[in-house]
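Report on the structure given below.
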Amino acid sequence: MKKYQLFDKKAKDLEKKFIRSIKKNSYFLTGNKAKNIILGVKKDVIIVQTKRSRKPFEITRKRLRLAISQLLYRRTMTRKELEPYSHFSSALMGLLRVICMRIAKLRKTARGLLRITLKGTRFYHAGAERIVKDIHRAADTKTEYFLVNYFFLREDKNANWCHHLKEKILLLDSGAFQYWKAKKEGKEVQPVTVEEYTTFIKRYEKYFIGYFSLDVIGDKDASERNEAYLRSQGLNPIPVYHVGEDFTVLERMIAEDHAFIGVGGAAMLSKRERKEAFDELFNRYPEYEYHFLGGGGEALLNYDWFSVDNSFSLKAGRFGRLLTPNGQKKAPKDWTEKEIFFYNMQRTRELEEYNEQLKLDILVPPAIPKVQFTLF
């Protein structure tokens with residue numbers, strides 16, 4: 001599929017760079033820290049000798065490139081998840097770590113599995129199911145990641161979103177916060193039921209890189225029941241921890257070895273309360289991966305989030321706001337709306353690239369490609 005081509009190309013480039021760097025008797029450490037020596041490289045394989053084995057073994061370069069591509073796409077994988085790419089998954093993980101040395105980290109999960117994770121923060125642009133024009137503009141900035149919300153998707157009876165977003169990398173939100181907000185504002189809205197949410201996921205699962213559980217704000221037990229129901233239907237939802245809940249709730253999620261955990265409830269806190277909550281979260285459990293639901297402001301840049309979502313970047317140009325290391329900032333008066341849009345897209349992309357330049361508060365208008373904007 002077209003949306004995987006970018007990862008395949010990057011994987012090919014990384015693999016070639018790694019092959020060129022190999023010298024005689026180069027070695028690397030496996031996921032279990034065993035020393036492996038690279039005896040040679042042929043057109044199709046890398047020949048490896050371990051300290052314990054009598055015979056060398058081979059890892060095909062094609063499979064290595066596929067594993068790199070999958071890691072770039074998912075950004076975190078366990079050794080078990082690497083097994084389809086090689087029988088020597090520990091060695092493969094060691095190679096991935098070397099190839100992605102600057103941006104990769106390795107840890108053992110609560111269940112003792114080895115997990116490799118890429119540093120940086122993937123930014124999912126929220127609101128994509130409602131702002132079609134901006135999705136198209138985002139494509140011209142090479143932006144491919146979007147969060148869509150079931151609360152609004154359920155109104156799209158003809159599933160037009162499939163056409164607009166079929167080649168994008170999508171994360172699905174259950175819409176729990178939108179429902180809670182609408183009820184708080186006194187609006188008459190239909191609740192999102194776990195049964196209808198399950199049916200929707202099963203029908204469109206191939207479109208999503210992941211989907212969050214149907215949490216119920218203020219009701220931990222109901223959230224857990226919904227998550228259990230989704231799992232009983234053969235689904236694998238991303239759990240959501242609400243700041244302020246007892247940490248035993250988070251510890252249960254950590255023990256289950258999820259790729260990452262959603263963190264919600266911050267929108268209802270003051271700036272000071274949010275900082276205190278996130279400081280405690282990252283001080284207590286710093287090694288795990290978290291997705292910041294509705295992430296924005298200083299908290300977006302001050303913590304090592306695995307991923308975040310926010311509608312700010314798609315809409316901010318119309319309000320003259322920029323994403324900076326100090327949170328949102330008013331754009332210079334002489335900037336056009338299009339320049340502001342492209343600047344914010346560039347900044348959010350740098351988050352995943354693990355670019356230190358993002359920490360520099362230098363406001364330079366971006367170069368805008370000369371393309372004709374058209375609607376779908």
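This is a predicted model, so every value here is computed, not measured.
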Find out whether [X] and [Y] are in side-chain contact, i.e. whether some heavy atom of one side chain is under 4.5 Å from a heavy atom of the other.
| X | Y | value |
| --- | --- | --- |
| Leu172 | Tyr197 | yes |
| Leu64 | Ile46 | yes |
| Glu276 | Glu280 | no |
| Lys181 | Lys187 | no |
| Ser213 | Ile238 | no |
| Leu114 | Thr78 | no |
| Asp44 | Thr60 | no |
| Ser174 | Val240 | no |

(Q) Is there a salt bridge (Lys or Arg N to Asp or Glu O under 4.0 Å) between Arg115 and Glu287? Walk through the geometry before answering. (A) CA-CA 11 Å; Arg115 178 177 290 280; Glu287 67 268 43; over 6 Å; no
Would you compute the distance between atom [atom1] of [X] and atom [atom2] of [Y] and round it to the nearest 0.5 angstrom?
| X | Y | atom1 | atom2 | value |
| --- | --- | --- | --- | --- |
| Glu144 | Leu170 | CD | CG | 10.0 Å |
| Asp246 | Lys220 | CG | NZ | 8.0 Å |
| Tyr211 | Leu147 | OH | CG | 15.0 Å |
| Lys42 | Glu58 | NZ | CD | 6.0 Å |
| Phe151 | Gln178 | CZ | CD | 7.0 Å |

**Q.** Verdict with reasoning, Trp305 to Phe260, per ring-ring contact (aromatic ring centres under 6.0 Å, His included)
**A.** CA-CA 10 Å; Trp305 300 106; Phe260 59 95; over 10 Å; no
Q. Thr117 and Glu289: side-chain contact (heavy atoms from CB on, under 4.5 Å), yes or no, with the steps?
A. CA-CA 9 Å; Thr117 301; Glu289 285 70 57; 3.8 Å; yes
Give a yes or no on whether the ring-centroid distance for [X] and [Y] is below 6.0 angstrom.
| X | Y | result |
| --- | --- | --- |
| Phe208 | Trp161 | yes |
| Tyr285 | Phe247 | yes |
| Tyr241 | Tyr290 | no |
| Phe123 | Tyr145 | no |
| Phe212 | His291 | yes |

[X] and [Y]: side chain donor to acceptor below 3.5 Å:
| X | Y | value |
| --- | --- | --- |
| Asn310 | Tyr124 | no |
| Gln190 | Tyr179 | no |
| Thr193 | Glu196 | yes |
| Glu195 | Tyr229 | no |
| Ser89 | Arg79 | yes |
| Asp309 | His125 | no |
| Asp8 | Ser69 | yes |

**Q.** Full working for salt bridge (Lys or Arg N to Asp or Glu O under 4.0 Å) between Lys271 and Glu298
**A.** CA-CA 9 Å; Lys271 185 177 179 179; Glu298 293 179 16; 3.2 Å; yes
Q: Would you name the heavy atoms of Arg274 and Leu269 that are closest together and state the gap between them?
A: NH2-O, 3.1 Å
Q.
Glu256 vs Arg111, test: salt bridge (Lys or Arg N to Asp or Glu O under 4.0 Å). Steps then yes/no.
A. CA-CA 8 Å; Glu256 292 170 346; Arg111 293 181 178 177; 6.0 Å; no
Q) Does one hydrophobic cluster hold both Leu165 and Tyr150, with members joined at side-chain heavy-atom distances below 4.5 Å? A) yes
Q) Is any side-chain N of the basic residue among Glu15 and Lys12 closer than 4.0 Å to the acidic one's carboxylate O? A) no
Q | Over-ring placement of Lys35 relative to Tyr27, 6.0 Å and 45° cut-offs | A | yes
Q: Validate the cation-pi geometry between Arg75 and Phe306: distance from NZ or CZ to the six-membered ring centre under 6.0 Å, angle to the ring axis within 45°.
A: yes
Q: Tell me, with the steps shown, if His242 and Leu250 meet side-chain contact (heavy atoms from CB on, under 4.5 Å).
A: CA-CA 9 Å; His242 294 97; Leu250 178 60; over 6 Å; no
Q) Counting only heavy atoms not in Arg97, do more than 12 sit closer than 6.0 Å to its CZ atom? A) no
Q) Under the salt bridge (Lys or Arg N to Asp or Glu O under 4.0 Å) criterion, do Asp13 and Lys9 qualify, and how do the steps go? A) CA-CA 6 Å; Asp13 292 342; Lys9 183 180 183 304; 3.3 Å; yes
